[in-house]
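The block underneath contains the structure these notes are about, expressed in structure tokens.
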Number of protein chains: 2
Amino acid sequence: MEIRHLLYFKTVAEQLHFRNAAAKLFISQPPLSRQIKELEEELGVLLFSRSNKRVTLTDAGKYFKVEVDAIFARLEESKNIVKQIHLNESGEFKIGYISSVYQTYLAEVLKLMHKEFPYIKTSLYEVPTITQIDALEQGKLDVGILRAPVHSEKLQQQSLFFDPFVVVVPSTTKNFNTQQDLVLFIKSSPFIFFNKEFAPYYNDKLMEICGRMGFKPDITHEANNVHSILQLIEAGLGVSILPSSIKRQYHYLQVSFIELDQIPVNTEVVLAYKQTNKSTALKWFIENYKSQSFND
Amino acid sequence: MEIRHLLYFKTVAEQLHFRNAAAKLFISQPPLSRQIKELEEELGVLLFSRSNKRVTLTDAGKYFKVEVDAIFARLEESKNIVKQIHLNESGEFKIGYISSVYQTYLAEVLKLMHKEFPYIKTSLYEVPTITQIDALEQGKLDVGILRAPVHSEKLQQQSLFFDPFVVVVPSTTKNFNTQQDLVLFIKSSPFIFFNKEFAPYYNDKLMEICGRMGFKPDITHEANNVHSILQLIEAGLGVSILPSSIKRQYHYLQVSFIELDQIPVNTEVVLAYKQTNKSTALKWFIENYKSQSFND
DNA sequence: ATAATTGATACTTAGTAGGTATCATATGGA
DNA sequence: TCCATATGATACCTACTAAGTATCAATTAT
């Protein structure tokens with residue numbers, strides 16, 4: 001018995017006319033007659049009653065028609081779902097991240113992900129927080145690593161870690177004996193910082209930190225990513241205040257990262273994703289990214 | 001896609017080894033490899049992951065395996081049930097009946113039955129009540145038309161009609177002016193009746209009726225069926241007291257059927273069948289035999 | 001380092017699904 | 001009442017394909 005037999009049976013059962021059913025199946029009538037006969041012989045059951053060349057279903061045939069319909073329905077549904085599962089795990093998985101994210105670690109996680117989903121294609125987009133939020137909402141990104149707060153009802157978020165701030169100064173700068181000396185130095189230095197429109201919450205944090213230190217920062221240079229900022233500092237064009245988590249990634253630069261004691265201002269890094277995204281790949285990423293987090 | 005593909009997939013999924021699966025399917029490995037490839041191409045889905053010549057199921061494959069198992073299970077069950085329905089309606093349907101049943105009518109019912117179940121083979125067995133009860137209990141009869149009571153916990157019964165009794169005498173007998181004359185006549189006549197062991201309840205009824213008339217019947221001839229009894233009466237060997245329902249069937253005999261007024265003794269005719277018999281044919285017979293009953 | 005094993009591909013062939021021709025029988029229309 | 005049409009079934013033929021063998025490239029086991 002093959003699916004062909006079941007389909008032929010189903011069609012004859014619906015038409016109750018061999019020649020009409022054959023036309024519907026795009027075959028000629030004799031093979032249809034034979035295939036039905038073979039099915040009946042294999043089952044050892046008469047499915048149709050032929051009397052005076054008219055065809056009716058036997059009780060066995062009536063029952064079998066219902067069963068065949070149910071089996072076909074389930075097979076079609078299974079095919080659809082199996083395709084969805086496949087696409088879910090073999091399509092493109094787009095990750096947004098802010099420039100301060102430790103990419104070596106992200107790469108490690110993606111390595112594990114490819115082991116789990118060999119056919120997936122991951123794409124990385126270094127995108128500022130506010131741009132990520134729009135892209136996530138529009139489904140252009142599957143997941144984002146960005147800074148809180150994420151004000152969006154469409155997005156779900158999961159805290160990764162809290163990131164305090166450090167003062168970043170050129171390495172040629174002399175060591176400061178006291179925090180007060182440090183404050184005096186950066187107060188009189190030009191500031192290099194993120195573009196306010198790209199990272200408004202960063203900007204707010206900067207104002208808060210400097211406010212606590214009793215001055216307003218003189219932002220003379222703007223950039224839209226952290227390595228540009230650091231390069232300018234290294235070149236001696238100014239100072240900045242940046243999240244502590246970048247230290248590990250940019251330890252090779254000729255800059256100094258100075259902890260800011262006693263200023264309890266930090267920023268939260270989160271994963272964000274669209275609530276309606278039920279992708280298995282996304283689920284894996286959410287469950288596995290944080291558990292491998294270096295927030296220790 | 002054919003069932004063959006699903007079977008090949010299922011076997012590879014279970015074995016996770018193409019050569020082992022091929023052996024199990026009694027085919028060689030290359031066609032199995034190709035057929036699985038064709039299935040994956042038709043679905044547009046990778047069901048297996050081949051890495052370093054090792055085989056694992058993808059997530060899509062895992063899901064599909066569960067679905068294919070369920071579909072195969074349902075198909076097998078459907079095949080079994082369809083065979084049972086077929087046998088149910090194309091096998092032998094054995095009917096027992098007491099000799100006093102009106103066979104013309106029974107034949108009419110069977111005619112209708114054959115219209116409903118064209119492939120059924122009905123077999124009629126004229127069998128006394130007590131023998132029918134045993135046979136029904138042992139499944140040797142599908143249904144019985146017999147006289148109540150039927151003392152059996154295994155059997156279900158359905159009342160057909162109540163049958164009063166009549167005196168049967170040879171036609172040559174002169175007419176009786178009063179019931180008292182009739183009673184005097186049969187009191188002094190030899191009785192022909194059913195064998196007590198074949199029809200004990202009949203016998204009890206006879207004793208009751210004669211007791212009410214004030215005498216004990218002189219049973220000089222026994223027979224095990226009603227037409228033998230009637231033939232003996234026609235031949236002048238005696239009289240009998242028999243159920244009224246036989247009148248219609250034996251109207252051609254040279255005997256007279258005389259109603260017994262004022263003796264409210266009768267017998268109940270029932271259909272009986274085994275409780276556990278769920279045959280569709282039996283169901284039809286039970287529903288249709290009585291609705292065509294001439295008990296009016 | 002070599003032999004064994006694996007799934008995949010190329011080529012060949014036996015088996016079968018579907019074709020056409022035709023049958024016997026019943027029904028519908030003139 | 002007769003003839004044309006329609007029906008499902010059977011016989012025979014052929015194109016297509018499922019399964020065979022041979023062999024490959026790559027990996028694992030000895």
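Protein chains get the first letters and strands the later ones, always in sequence-line order, with residue 1 at the start of each.
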- Query: Earliest and latest nucleotide of DNA chain C, 5' to 3', sitting under 4.0 Å from a non-hydrogen atom of chain A?
  - Reply: C:dA17 to C:dG28
- Item | Sugar-phosphate, base or nothing in reach of B:Phe48, heavy atoms under 4.0 Å | nothing
- Between B:Gln35 and B:Arg19, name the one whose nearest nucleotide on DNA chain D is closer to the 5' end. B:Gln35
- Message: For a quick check under 3.5 Å, do A:Ser99 and A:Glu126 share a side-chain donor-acceptor pair by atom type?
- Response: no
- Donor + acceptor pair across side chains of A:Ser228, A:Asn225 (<3.5 Å): yes
- Should A:Arg147 and A:Asp163 count as an ion pair when the cut-off is N to O under 4.0 Å? yes
- Considering only NZ, NE, NH1 and NH2 on the basic side and carboxylate oxygens on the acidic side, decide whether A:Arg74 and B:Glu67 come within less than 4.0 Å. yes
- Under a 4.0 Å N-O cut-off, is there an ion pair linking B:Lys10 with B:Glu14? yes
- Query: How would you label the contact of A:Arg34 with the nucleic acid (heavy atoms, under 4.0 Å): base, sugar-phosphate, or nothing?
  - Reply: base
- Checking ring pair (Phe, Tyr, Trp, His ring centres under 6.0 Å) against B:Tyr289, which of B:Tyr97, B:Tyr105, B:Trp284 comes through? B:Tyr105
- Task: Using the closest heavy atom to pick a nucleotide of DNA chain C for each, name whichever of B:Asn20 or A:Ser28 lands nearer the 5' end.
- Result: B:Asn20
- 5'-most contact on DNA chain C: B:Ser33 or A:Arg54, nearest heavy atom basis? B:Ser33
- Item | Start and end of the DNA chain D segment that chain A contacts, any atom under 4.0 Å from a heavy atom | D:dT7 to D:dC12
- Does B:Leu39 reach the side chain of B:Tyr8, with side-chain heavy atoms less than 4.5 Å apart? no
- Taking the side chain as every heavy atom from C-beta outward, state whether B:Arg50 and B:Arg54 have any pair of such atoms under 4.5 Å apart. no
